[in-house]
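To keep things clear, I will list the structure first and then write my remarks on it.
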Amino acid sequence: MLRVGLTGGIGSGKSTVAAALAEHGAVVVDADRVAREVVEPGTRGLAAIAAEFGPGVLVDGALDRPALAAIVFTDDAARQRLNAIVHPLVRERTAELVAAAPPDSVVVQDVPLLVENGMGPLYHLVIVVDTPVEERVRRLVDHRGLVESDARARIAAQADDDARRAAADIWLSNAGTAEQTRAAVDALWTDRLAPYEANIRLRRPFSRGAPRIVDYDLTWPVQAERLLARLRLAVGGAALRVDHIGSTSVPGLAAKDILDFQITVPTLDDSLADALSNAGFPRAHGFDSDIGHPPGSPETPKHVHVGVDPGRWANVHVRAQDSPFARLSLLFPAWLRADEGARGEYEQVKRAVAGEHATIPAYGDAKEPWFNQAIQRAEAWATATGWTAG
Ligand code: ADP
């Protein structure tokens with residue numbers, strides 16, 4: 001099962017995109033609909049609200065929304081009491097609907113306040129539907145009958161674009177025609193959502209071909225933050241730490257467009273394998289140890305998990321806290337971040353060997369000679385500066 005969070009400002013076109021995804025077979029769970037359902041007449045939710053706020057919030061046995069809104073609009077404590085009733089019921093009902101979806105589903109959760117409520121890590125992917133504000137106002141007034149000032153006030157109360165961009169794995173423009181958006185959704189389904197779902201279900205790491213070095217990408221840190229949050233949620237307290245490591249964690253350094261992460265655990269075992277698989281990072285066998293430095297030193301076991309989102313290549317290295325590579329994987333990028341000269345050398349080496357060696361393992365071996373002397377320099381830097389992993 002692939003879980004997708006779908007969000008965007010009011011009037012951006014979430015419902016329109018959700019409908020297009022449903023036509024491809026996605027199971028859509030609409031948060032607004034669930035929120036209404038859990039307070040319908042005869043529900044526990046409505047009974048709890050009436051008990052909390054009095055019979056004045058009911059009309060003909062149903063929720064009198066304007067009356068309730070008048071109470072909670074100006075009173076933060078009252079709003080918190082309302083949320084304390086409604087939110088757990090929404091979570092529970094949402095979990096039921098997700099659990100009822102077939103195991104090979106793409107479940108799309110339409111959550112208007114996903115960004116505001118920091119819910120991105122709950123999903124394998126977050127899609128943000130974007131339409132310029134003026135166009136949203138026009139559509140809300142023309143198609144949904146809102147008064148213009150009301151439309152603008154609702155837009156202003158929501159997350160801004162920077163916050164939405166940071167949360168978005170997929171930024172889907174709906175500024176053009178409905179047909180253009182439809183075509184973008186079709187491509188997204190075919191190229192990313194459907195294969196990602198199958199890769200997770202089949203625990204299928206996929207082949208990524210030859211390494212290619214690209215210029216440093218300013219969006220790597222924010223992309224890494226999204227994956228870090230998901231990994232941390234997946235492993236919970238079982239990990240000592242989860243870090244963004246590797247070349248993409250060194251600002252300014254050209255690198256392969258693969259984000260690397262390290263999960264440091266007390267002892268290396270299989271206890272995190274299922275959680276990581278379900279989060280979109282199945283185990284890749286055949287990379288079960290780090291090769292010692294200097295050459296000839298003993299190998300140290302590790303587990304490698306790979307991200308199987310076709311749109312975002314990522315590797316996760318699980319290492320025991322006493323593996324020398326757990327520390328080295330933090331030290332090396334820290335040294336490169338601090339030492340511009342070393343960064344330049346490393347970039348040259350990477351570009352040179354990437355041209356000559358077609359496969360990723362061969363590329364790794366070719367970097368070894370430079371790497372072996374660089375480690376000694378990194379260690380000297382750590383001693384001189386008092387660096388610790390923190
Ligand atoms: P949301 O669910 O994000 O609030 P909707 O999907 O309801 O937004 O879209 C808002 C309004 O704009 C709807 O009436 C919808 O039919 C219309 N709409 C959506 N996408 C387009 C588009 N690309 N061009 C024109 N109108 C659109």
Side-chain angles (χ1 to χ4, degrees), residues 2-36 97 101 104-117 119-120 123-198 217-219 222-223 226 257 309-312:
L2 182 76
R3 287 182 67 179
V4 177
L6 174 67
T7 194
I10 178 169
S12 58
K14 289 179 299 298
S15 315
T16 307
V17 169
L21 290 166
E23 278 183 41
H24 281 284
V27 175
V28 176
V29 178
D30 181 327
D32 282 345
R33 188 177 307 161
V34 172
R36 286 193 298 273
L97 292 169
D104 62 351
S105 304
V106 174
V107 175
V108 174
Q109 293 179 241
D110 179 343
V111 184
L113 298 183
L114 184 152
V115 175
E116 289 81 347
N117 291 334
M119 292 163 70
Y123 309 98
H124 293 105
L125 287 173
V126 169
I127 302 174
V128 173
V129 184
D130 176 59
T131 304
V133 169
E134 291 308 315
E135 181 62 25
R136 286 158 61 195
V137 171
R138 198 158 37 239
R139 288 178 191 168
L140 288 169
V141 170
D142 290 353
H143 301 297
R144 299 229 312 237
L146 266 68
V147 177
E148 180 175 336
S149 56
D150 186 20
R152 287 192 191 279
R154 289 182 191 215
I155 288 170
Q158 295 186 327
D160 60 27
D161 266 0
D162 287 347
R164 288 209 182 94
R165 274 193 192 275
D169 298 283
I170 295 150
W171 187 259
L172 190 70
S173 170
N174 182 33
T177 64
E179 290 69 35
Q180 287 169 325
T181 300
R182 180 59 204 238
V185 170
D186 292 348
L188 177 63
W189 183 272
T190 307
D191 298 342
R192 194 159 182 185
L193 303 185
Y196 192 7
E197 184 285 313
D217 182 337
L218 286 167
T219 72
V222 67
Q223 294 192 53
R226 283 198 297 275
D257 189 8
D309 171 6
R312 170 29 69 212

Can W171 and V126 be said to form a side chain to side chain contact (heavy atoms under 4.5 Å, CB included), step by step? CA-CA 9 Å; W171 187 259; V126 169; over 6 Å; no
Should V108 and V29 count as side-chain neighbours, where that means a heavy-atom distance under 4.5 Å? no
Applying the side chain to side chain contact (heavy atoms under 4.5 Å, CB included) test to R154, which of L140, V137, I10 qualifies? I10
Closest approach of P310 and Y196, non-hydrogen atoms and distance? CD-CB, 3.7 Å
Salt-bridged, E135 to R138, with N to O below 4.0 Å? yes
If you compare all heavy atoms of V115 against all heavy atoms of A167, which two are closest, and at what distance to 0.1 Å? CG2-CB, 3.9 Å
Within-4.5 Å side-chain heavy-atom neighbours: V27 and V106: no
Determine whether R192 and I170 make a side-chain contact, defined as any pair of heavy atoms from C-beta on separated by less than 4.5 Å. yes
Please step through salt bridge (charged side-chain N to carboxylate O under 4.0 Å, His left out) for the pair R152 and E134, ending with a clear verdict. CA-CA 9 Å; R152 287 192 191 279; E134 291 308 315; 3.0 Å; yes
Taking the side chain as C-beta and beyond, is there a heavy-atom pair between D130 and N174 under 4.5 Å? no
For the pair E23 (side chain) and A20 (backbone), establish whether a donor and an acceptor sit closer than 3.5 Å, ignoring hydrogens and angles. no
Looking only at atom types and distance, does a side-chain atom of R226 sit under 3.5 Å from a main-chain N or O of A166, one as donor and one as acceptor? yes
Under 4.5 Å between any side-chain heavy atoms of E116 and Q158, yes or no? yes
Please report the interatomic distance CG(D217) to OG1(T219), rounded to the nearest 0.5 Å. 3.5 Å
Nearest 0.5 Å, what's the CZ-CD distance between R182 and E179? 10.0 Å
Using a strict 4.0 Å threshold on nitrogen-to-oxygen distance, state whether R312 and D257 make a salt bridge. yes
Closest non-hydrogen atoms of A151 and L146, given as atom of the first, atom of the second and distance, are CA-CD2, 4.0 Å
For a side chain to side chain contact (heavy atoms under 4.5 Å, CB included) check, start with the C-alpha distance between L125 and L193, then their side-chain angles and the critical distance, and finish with the verdict. CA-CA 9 Å; L125 287 173; L193 303 185; 3.6 Å; yes
Decide whether H24 and D186 meet the rule of one side-chain donor and one side-chain acceptor closer than 3.5 Å. yes
Would you indicate whether the side-chain heavy atoms of V111 and L6 approach each other to under 4.5 Å? no
Here the gap from I127 atom CD1 to D169 atom CG, rounded to the nearest 0.5 Å, amounts to 9.0 Å
Let me confirm one number: the CG-NZ distance from L172 to K14, rounded to the nearest 0.5 Å. 12.5 Å
With rounding to the nearest 0.5 Å, note down the distance linking NE2 in H124 to CD in E197. 9.5 Å
How far apart are the C-alpha atoms of V129 and T7, what are their side-chain angles, what is the distance that settles it, and do they pass the side chain to side chain contact (heavy atoms under 4.5 Å, CB included) test? CA-CA 6 Å; V129 184; T7 194; over 6 Å; no
Are the side chains of T181 and T16 in contact, using a 4.5 Å heavy-atom criterion? no
Here the pair of heavy atoms bringing D32 nearest to P112 is OD2-CG, 3.6 Å
Show the nearest heavy-atom pair for residues A22 and V28, with the distance to one decimal. CB-CG2, 3.9 Å
With heavy-atom distances below 4.5 Å as the criterion, would you say the side chains of V4 and V107 are in contact? no
